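Below is one structure, written out as structure tokens, with a few remarks after it.
Sequential numbering from 1 along the given sequence is applied to the chain's residues. Keep in mind it's a predicted model, so treat the numbers as computed, not measured. Below, each value reflects all heavy atoms present in this structure, side chains not excepted, and no hydrogens, waters or symmetry copies.
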Amino acid sequence: MFTDGGLPEGDGRIREKVLAGPLGDIAEKVLQGERLTREEGIRLADFPDLITIGLMADYTRRRCVGDTVYFINNAHINHTNICKNLCRFCAFGRKAEAPGAFVLTLDEIAAKVDELKAYQPTEVHIVGGLNPDLPFSYYEEMLRIVRRALPDAHIQAFDAVEIDFLAEVSGLGVEGVLCRLQEVGLGSLPGGGAEIFNPEVRHEICPKKISGERWLKVHETAHRLGLRTNATMLYGHIEKTADRVDHLLKLRSLQDKTGGFLAFIPLPFLPENTSFSHLPRTSGFDDLKTVALARLLLDNFLYIKSFWIMLTPNLAQVSLAFGANDLDGTVREEQIAHDAGATTPQYQPSEIFLRMIREAGRIPVERDTIYNVIQRCT
Ligand code: V47
């Protein structure tokens, strides 16, 4: 057991720990590559022995996706923080008249992407607030500007919540908006806005946001149109274990149906400057267990991404031993996490990713957004 590319043969301690322990039945299923149930997910998530869960997640990671760990040379742009939803967990969104509210003009966006030319990012990642003053033409023109300046970069832009908003603003519907944005360069959708699908939790943390069902519908529509998308889960606020598991299982079901998701990114809640600033930050223990849980339940997702900006580089690196196989990217400028108290830098050069990944005994690969290999850094 745990021998084929997994753990050292004959390590009785580990066998005893995992197979003869209270999660032995789940470990057997993991070894057989069998799908885990909701109840098993809840048992895993509630089980205090992080190492046991980590061993299973690492085994699954190695068997399913091997030793490659991905990173990307990308750049984030946040075009506005004015938002009509003002989610209670979010420190980034503002009312138009609030201090610090901003909208980048199209000229400012042009100047920003011009600056990016020097770094030749292979991805430009764009997300912002739901700003009622911006016409649909602003979004189309923004993508044209990025495409003109960086014709080879993949544009990953506008999460499902923004797409739903644009469908309303433009009167084009979700499919209409996605087609129009595809025509001007949209390549894929980021995974934000998923939060936690449970409607009661959603009502408490983001009462004005589209429902989880609607979020899933937007992704399903995108997948039907040939757009790949990512998925996230915001954890560590008021949700319960079962809410996390149910969230992951909803993503797994949609992935069974469409196969359109690329990466899953667990996002630890950062409480500063939010309505939940009284809550503590997530613990390293919980962060690693959440990565492992995602790897074990999301058996149809190839990429479990640890977003180093929110997780910290150190924990993101350790998460490579708990099921993760992607560290996201260079980023360069980030506001959503930093407004909520992230103390990480906003930029990390490729060399740091190489070191983080090699130190973990894995093979660094620079990828593009849809996981084509740009460079295998052996
Ligand atoms: O949609 C907002 C979350 C998301 C907070 O798709 C918060 O590859 C923690 O989605 N604490 C934006 N999280 C970031 C995001 C993302 C990041 C990196 C890669 C990808 C990808 C997507 O951040 C928001 C929201 O879910 N968020 N406020 C907060 N206080």
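Between Glu366 and Arg376 there is no salt bridge, since no side-chain nitrogen of the basic residue lies less than 4.0 Å from a carboxylate oxygen of the acidic one. Contact check on Asp58 versus Arg295 returns no salt bridge, with no Lys/Arg side-chain nitrogen under 4.0 Å from an Asp/Glu carboxylate oxygen.
One finds the CD1 atom of Ile126 at 7.0 Å from the CD1 atom of Ile109 (value rounded to the nearest 0.5 Å). Atom CG of Leu23 sits about 12.5 Å away from atom CD of Glu28, to the nearest 0.5 Å. The OG1 atom of Thr312 lies 8.0 Å from the CG atom of Asp287; values are rounded to the nearest 0.5 Å. The NZ atom of Lys29 sits 5.0 Å away from atom OG1 of Thr37, with the distance rounded to the nearest 0.5 Å. Separating the OG atom in Ser306 from the CG atom in Leu267 is a distance of 10.5 Å, to the nearest 0.5 Å.
In this structure, the side chain of Asn230 engages the main chain of Ala263 through a donor-acceptor pair within 3.5 Å.
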Could you go step by step and tell me if Asp328 and His76 meet the side chain to side chain contact (heavy atoms under 4.5 Å, CB included) rule? CA-CA 11 Å; Asp328 196 77; His76 282 215; 4.2 Å; yes

Yes or no on salt bridge (charged side-chain N to carboxylate O under 4.0 Å, His left out) for Glu183 and Arg144, after CA distance, side-chain angles and deciding distance? CA-CA 9 Å; Glu183 278 165 27; Arg144 282 194 198 100; over 6 Å; no

Test side chain to side chain contact (heavy atoms under 4.5 Å, CB included) on Leu36 and Ile26 and set out the steps. CA-CA 8 Å; Leu36 301 182; Ile26 297 180; 3.9 Å; yes

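Classified by interplanar angle (parallel below 30°, tilted 30° to 60°, perpendicular above 60°), the ring pair Phe353/Phe71 is parallel. Taking the six-membered ring where tryptophan is involved, the planes of His247 and Phe197 are essentially parallel, since the angle between them stays under 30° and well short of 60°. Ring geometry, Phe301 versus Phe261: the interplanar angle falls under 30°, so the pair is classed parallel (tilted spans 30 to 60°). Ring geometry for Tyr138 against His79 counts as tilted: the plane angle lies between 30° and 60°, on a 0 to 90° scale.
Taking the six-membered ring for Trp, Phe89 and Phe276 have ring centres at least 6.0 Å apart. When ring centroids are compared, Phe269 and Tyr235 stay outside the 6.0 Å threshold. When ring centroids are compared, Phe92 and His338 stay outside the 6.0 Å threshold.
Taking the centre and axis of the six-membered ring of Phe136, the NZ or CZ atom of Arg180 falls outside the cone set by 45° and 6.0 Å. Taking the ring axis of Tyr371 as reference, the NZ or CZ atom of Arg367 stays within 45° of it and closer than 6.0 Å to the ring centre.
Considering Val201, Leu270, Thr274, Thr282 in turn, Val201 is the only one that fulfils the side-chain contact (heavy atoms from CB on, under 4.5 Å) rule with His237. Paired with Lys209 under the rule salt bridge (Lys or Arg N to Asp or Glu O under 4.0 Å), one option of Glu162, Glu195, Glu204 passes, and it is Glu195.
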